[in-house]
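Presented below is the structure to which this report refers.
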Amino acid sequence: MLKKDVIRLLEEIAVYMELNLENTFKVSAYRKAAQSLENDERSLEEIGDVGKLKGIGKGTTSVIEEFVNTGQSQVLEDLKETVPTGLVRMLKIPSLGPKKIAKIHDVLGIKTIEALKEACLNQEISQLPGFGKKSEANILTNIDTVLSRPDRYPIDKILKFIDLVEKSIKAFGVKRYDIAGSSRRVKETSRDLDFILETDDISGFTEFMIGQAYVTNVVSQGEKKLSLEIEDDFDKINVDFRFVQGEEYISTLQHFTGSKDHNVKMRQLAKERGEKISEYGVTTESGIKTFKSEEEFYQYFGLDYIPPAMRETGQEVDIDIKDIVKLSDIKGDLHMHTTYSDGAATIREMVESAREKGYEYIVITDHSKSLFVANGLSEARLLQQIKEIKEIDKEYDDIDVYAGIEMDILADGSLDYDEEILKQLDYVIAAIHSSFSQSENQIMTRLKNAMDNPYVRHIAHPTGRLIGVRDGYDVDMEALFDYAKETGTILEINANPRRLDLSSEVIKNREVMFTVNTDAHHPDHFDFMKYGLATLQKGFINKSQVLNTLSRQAFKEFINKGKLSDIHE
DNA sequence: GCCGTTTTCGGCCCGACTGTTTTCAGTCG
């Protein structure tokens, strides 16, 4: 029995209870219990007595124990007796919540989305008390939305939507604006977009936005907010704009950045002090307090600044976060490509761009010879590149430019260059780019072979996943981390928003060194670093656990000492 | 269902918008 099975059980019970119209606080008690398990890093076995966890009392303990012992839950079985499974799917339909669904079910006996659609077409829904023509029409279009649109979009797609909307905001001209919500928190996927913005002309802005060609529907509009459905490349998503004036800006930004759980936690904290947090500020005895920055907001509650990426479960409010790595800690990028292989810029252009970023060192790591599709480097071309890098490095006294490679780990586990070549490089990355469908055993053999090699410093994008596109190859995570630790091999957080690999989920509480790199194929890609940083922050990784936070001098020593040197010194 | 330096009952974050009804419930974030 795994912890995640128990978490799923509790969440499932919560959903069924919700549809059974049980007390909403009872429902959220089950959700909180699930969250509590989720937030605990230990396995079920290590936790032992779940009743000791905050948020898990007598009731949920007995539910959990029954489930662990028998694999079943009477509570859930009983709920399923009274609540048809089809109603759970209906919850996904916007504008329909548990109360309305229960009414539709109780009065009309409707159990599925399909039957609901039929009832709308037959105008049965509008006959129900509390429903009308508009509700019926909305349900009908919202059903189509649910059936035709993915639940969430991967961050890469989200960034394209954001780009689209930002162009309009800038074209209209507003005093200031920010992206908020889950995309500001750099979640791997998002359901919708949230902007907050300040303008003197709300009605003008509203009119302007509704007129944009990519707007397909106006969900709601008011004095304080505007909600639109937009379309890009046949994909649709909802965008919420929240209007804010002057001093309230920071509180509104903080509020709409979320997460919900983070806000609940902060509000509890405020409540304990006799204060109240809302999107308008903090209500104190002496009136409403507003803030000049989010730093000031968190400081007011005696907390270090919590970066948006970390604002997820509420746990981040309780722990000491001052050593967690920050973007400003990053002193170099160790994985990038140039025109030698499949990059868009020359070595020099990449160096210039890195200098603008303020980096103290970079490693040029083009693809190795077997990756033909990416114009991988033959031994001769690599030697020529090393020579060129060394020459360019000499020209700059404010940055160190190292010669590296992103070397393929071939399907049979062998590496793409032999020792004669590898020893001439400053830094070697190994990565899998082929035969993704191999068994976990074969994949692990390949990864271990690479980690055994004394020249291989780090493993790039260790799972090969592309968020929302492909899962990557089968990696035994425990074995990967164990072997990385044993061999002194560093694991990469690939900051490309299509990858974010390793993910924040798997890096928590690991005793290995990480490095966060953009894998830039263009100078603009250096900007991806913030997404990798967000991943590290979500994983609660400290600065001392990230290789490229080393100073220029310390990194040089690391390069000279070789793979197994202790970089903590 | 859970929790407790306002503890064993009474709260549990808080506000905007829609649609329906006519003062507010339901949904959403």
Side-chain angles (χ1 to χ4, degrees), chain A residues 10 13-14 17-18 20-36 50-64 75 90-104 125-139 142 180-185 187 190-196 202 206 218-228 238-244 248 251-252 254-283 288 311 314 317:
Chain A
L10 296 173
I13 289 175
M17 280 186 166
E18 198 170 31
N20 209 27
L21 301 190
E22 305 210 18
N23 181 301
T24 53
F25 297 111
K26 185 175 168 181
V27 174
S28 62
Y30 274 86
R31 296 223 160 94
K32 273 180 200 160
Q35 190 74 66
S36 182
V50 290
K52 288 207 174 100
L53 293 183
K54 201 168 149 59
I56 302 186
K58 272 188 188 170
T60 36
T61 299
S62 66
V63 169
I64 294 170
V75 174
M90 276 189 218
L91 264 182
K92 284 195 188 298
I93 302 171
S95 78
L96 280 190
K99 300 222 166 90
K100 286 187 174 174
I101 291 172
K103 185 171 270 177
I104 290 169
I125 299 300
S126 51
Q127 306 299 316
L128 293 175
F131 291 78
K133 285 284 169 204
K134 279 192 175 173
S135 302
E136 190 170 71
N138 280 339
I139 292 170
N142 288 338
S182 58
S183 41
R184 181 165 184 240
R185 303 200 310 277
K187 286 269 284 184
S190 294
R191 194 184 304 276
D192 55 18
L193 304 184
D194 296 280
F195 285 89
I196 70 157
I202 290 170
T206 300
V218 181
V219 181
S220 79
Q221 64 182 104
E223 290 286 302
K224 299 267 187 186
K225 60 180 279 196
L226 168 68
S227 185
L228 304 172
N238 279 19
V239 191
D240 291 337
F241 299 92
R242 177 71 181 214
F243 305 119
V244 54
E248 294 164 354
S251 281
T252 305
Q254 194 279 331
H255 174 85
F256 285 100
T257 297
S259 69
K260 194 177 164 184
D261 289 335
H262 176 80
N263 286 352
V264 167
K265 185 81 189 178
M266 288 303 297
R267 280 158 193 237
Q268 282 167 350
L269 201 70
K271 204 174 162 152
E272 283 164 20
R273 302 162 30 133
E275 297 173 338
K276 206 175 75 176
I277 300 174
S278 80
E279 57 262 55
Y280 301 113
V282 177
T283 309
I288 293 188
R311 303 178 200 169
V317 176

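Within every chain, numbering begins at 1; the chains are lettered A, B, ... in the order of the sequence lines, protein sequences first and strands thereafter. This is a predicted model, so every value here is computed, not measured.
Distance from the side chain of A:E279 is smallest for B:dG15 among the nucleotides B:dC17, B:dC13, B:dG15. Of the candidates B:dC13, B:dG1, B:dA16, the closest approach to any side-chain atom of A:K225 belongs to B:dA16. Comparing B:dC13, B:dG19, B:dG29 by their nearest atom to the side chain of A:N138 picks out B:dG19. Checking B:dG1, B:dA16, B:dG29 against the side-chain heavy atoms of A:F25 singles out B:dG1 as nearest. For A:D194, taking side-chain heavy atoms from C-beta onward, the closest of the listed nucleotides B:dG29, B:dT20, B:dC17 is B:dG29. Closest to the side chain of A:P94, out of B:dC28, B:dC13, B:dG1, is B:dC28. Checking B:dC17, B:dG19, B:dG29 against the side-chain heavy atoms of A:S220 singles out B:dC17 as nearest. Picking from B:dT27, B:dG11, B:dA16 the nucleotide with the shortest atom distance to the side chain of A:K271 gives B:dG11. Looking at the side chain of A:S135, the nearest of the listed nucleotides B:dC13, B:dC12, B:dG19 is B:dG19. Side-chain proximity of A:D240 to B:dG29, B:dC13, B:dC17: nearest is B:dG29.
Residue contacts shown for A:P129 are absent, as no nucleic acid heavy atom lies under 4.0 Å away. Among the heavy atoms of the strands lying under 4.0 Å from A:K58 are primed sugar atoms or P, OP1, OP2 only; no base atom is included. Here A:I139 lies out of heavy-atom contact (under 4.0 Å) with every strand. Using a 4.0 Å heavy-atom criterion, one finds that A:F131 contacts the sugar-phosphate atoms exclusively. Looking at heavy-atom distances under 4.0 Å, A:Q221 makes contact with sugar-phosphate atoms alone, never a base. Within the 4.0 angstrom heavy-atom criterion, only backbone atoms of the sugar-phosphate kind lie near A:K100; the bases stay farther away. Contacts of A:K103 with the nucleic acid, taken as non-hydrogen atoms under 4.0 Å apart, are absent.
Here B:dT5 is in the anti range [glycosidic angle more than 90° from 0].
A cation-pi arrangement, defined by a distance under 6.0 Å to the six-membered ring centre and an angle within 45 degrees of its axis, is absent between A:K225 and A:F241.
Positionally, the nearest nucleotide of DNA chain B for A:T60 lies more toward the 5' end than for the other of A:T60 and A:I101. Remark on DNA chain B: of its neighbouring residues A:K26 and A:K134, the 5'-side contact belongs to A:K26, judged by nearest-heavy-atom nucleotide.
Separating the P atom of B:dC12 from that of B:dC17 is a span of 24 Å, rounded to the nearest Å. Here the separation of B:dG4 from B:dT8, taken at their P atoms, is 13 Å to the nearest Å. Look at the P atom in both B:dC9 and B:dC14: the space between them is 25 Å, to the nearest Å. As rounded to the nearest Å, B:dT18 and B:dT23 have C1' atoms that lie 15 Å from one another.
Pairing for B:dG4 is with B:dC9, a Watson-Crick or G-U wobble pair whose two hydrogen-bonding atom distances lie under 3.5 Å.
A donor-acceptor pair under 3.5 Å is absent between the side-chain atoms of A:T283 and the main chain of A:E275, judged by distance alone. Checking side-chain atoms of A:T60 against main-chain N and O of A:I56 turns up no donor-acceptor pair under 3.5 Å. Between the side chain of A:S259 and the backbone N or O of A:H262 there is at least one donor-acceptor pair closer than 3.5 Å.
For the pair A:Y280 and B:dA16, the criterion of a side-chain N or O lying under 4.0 Å from OP1 or OP2 is met.
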Just do the side chain to side chain contact (heavy atoms under 4.5 Å, CB included) check on A:E223 and A:I202 with the steps written out, would you? CA-CA 7 Å; A:E223 290 286 302; A:I202 290 170; 5.8 Å; no
Test log, rule side-chain hydrogen bond (donor to acceptor under 3.5 Å, both in side chains), inputs A:S95 and A:N138: CA-CA 8 Å; A:S95 78; A:N138 280 339; 5.8 Å; no
